[in-house]
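For reference, the structure is listed below as structure tokens.
In this chain, residues are counted from 1 in sequence order. Each ligand, and each atom within it, is numbered from 1 in the order the structure gives.
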Amino acid sequence: MPEGAGLSWSNVCKVYEGAQGATQALDGFTLDVGPGESVAVLGPSGCGKSTALRIASGLTAPTSGSVAVDGRPIASPRRATALILQDFGLLPWKTVAQNAGLGLQIRHASASVRRERVAQALATVGLADFADAYPSELSGGMRQRLAMARALTCDTDVLLMDEPLSALDAFLREEMQSMLKDTWEREGYSQVIVTHSVEEAVFLGQRVVVVSPRPGRIVYALENPEMTDAAWRDSDLFFERCRTLRAVLHGRGSHA
Ligand code: ADP
């Protein structure tokens, strides 16, 4: 797994032209994610968070402004950037191993490289025994692990996640948050996680940024370096950070 790459959005604006007229999703969205850093993005529904991720992954072009990885502008999808969506993007007619190897298949990796990397990634996320199962036979948490395995096979140095845990129940969600944090700490990629959950953001982000209602731009940033501490979720500081962010989201905090 390579070192994490730096990712930056510079003054990104996005206007969608539709039958109902134009919708401005983002306006002056600027954010720097350092190599290996974990940033959580919080904001109301429809504020442009998914748009910001799609632009960073190269799937959508900004109307103005730019996105760069390690200083190089992004104009099309980049091999080492992985985007995990809420529905995980699994193909139901393919096995766990085939789903995990999809990214490599698209990159025309040889069958032997694919077998080796898939086996390694499935072992990393604890799915080695399910290689021949189908997605319909997996629990929600296991599907999340499979989406993660797919990202891990592809030398990912930037991992973008769009509300990856929102379909899971509360208990499983905490377990998966720990899995995401452990994997990030072990693998060293940079990550951006978009979420609606204040607790999830404070658990997973070394920095938590808050996006304004549409058109989205960052209106608040909270440094949260203690998130790697043991028992972080039960600490007083964790609850204090959650309170601070709730106040900001409900318009009671001072905006940066
Ligand atoms: P979020 O992820 O914060 O919920 P999105 O980025 O999905 O926000 O959407 C921001 C705004 O842009 C919304 O008003 C949405 O309806 C609009 N939008 C998103 N994608 C498209 C699209 N492909 N065409 C037209 N409008 C879109």
Side-chain angles (χ1 to χ4, degrees), residues 7-33 38-69 73-78 81-90 140 143-144 147-148 151 158-168 173 176-177 180 190-205 207-222 224 242 245-251 253 255-256:
L7 168 66
S8 56
W9 287 261
S10 306
N11 208 14
V12 169
C13 298
K14 178 67 184 178
V15 178
Y16 291 106
E17 303 288 349
Q20 314 291 324
T23 302
Q24 182 161 17
L26 295 172
D27 180 19
F29 188 93
T30 294
L31 175 63
D32 285 312
V33 180
S38 175
V39 174
V41 179
L42 270 175
S45 206
C47 73
K49 303 183 296 297
S50 307
T51 298
L53 286 194
R54 280 202 307 274
I55 290 174
S57 73
L59 289 172
T60 301
T63 306
S64 63
S66 60
V67 174
V69 173
I74 296 302
S76 57
R78 179 179 168 270
T81 298
L83 175 63
I84 297 184
L85 302 171
Q86 199 177 332
D87 67 0
F88 309 142
L90 304 178
R143 287 179 201 174
Q144 165 65 41
M148 196 70 180
V158 175
L159 180 61
L160 308 171
M161 290 173 281
D162 193 358
E163 297 184 34
L165 307 180
S166 57
L168 307 181
R173 196 162 170 158
M176 289 300 109
Q177 287 166 357
L180 290 182
S190 317
Q191 71 178 5
V192 178
I193 179 163
V194 160
T195 174
H196 275 129
S197 157
V198 168
E199 283 78 12
E200 194 159 290
V202 175
F203 185 71
L204 285 170
R207 190 152 40 107
V208 181
V209 298
V210 175
V211 181
S212 67
R214 183 165 58 79
R217 64 187 308 165
I218 288 169
V219 290
Y220 188 84
L222 182 73
N224 189 42
C242 291
L245 283 166
R246 266 194 208 96
V248 171
L249 286 167
H250 296 123
H255 282 192

Residues which pass side-chain hydrogen bond (donor to acceptor under 3.5 Å, both in side chains) with R246, listed by chain and number, not counting sequence neighbours =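 Partners of R246 by the side-chain hydrogen bond (donor to acceptor under 3.5 Å, both in side chains) criterion, ordered by chain and then number, come out as E199.
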
Please list, chain by chain and in numerical order, all residues satisfying side-chain contact (heavy atoms from CB on, under 4.5 Å) with S64, sequence neighbours excluded.
->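 Only C13 meet the side-chain contact (heavy atoms from CB on, under 4.5 Å) criterion with S64.
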
Ligand 1: protein residues within heavy-atom distance under 4.0 Å =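 Within 4.0 Å of ligand 1, the protein residues are Y16, T23, A25, P44, S45, G46, C47, G48, K49, S50, T51, R54, R214.
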
Under 3.5 Å, which donor-acceptor pairs do the side chains of residues 53-60 form with other protein atoms, sequence neighbours left out?
from	atom 1	to	atom 2	distance (Å)
R54	NE	T60	OG1	3.4
R54	NH2	Y16	OH	2.7
S57	OG	R54	O	2.9

Checking T81 side chain against V158 main chain: does a donor-acceptor pair fall under 3.5 Å?
->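 Not confirmed, T81 side chain does not pair with V158 backbone.
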
Side-chain donor/acceptor of D162 to backbone N/O of S50, under 3.5 Å |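 No; zero donor-acceptor contacts below 3.5 Å.
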
Would a 4.5 Å heavy-atom cut-off, applied to side chains only, mark F29 and V211 as touching?
->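 They are in contact (side-chain heavy atoms under 4.5 Å apart), so the answer is yes.
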
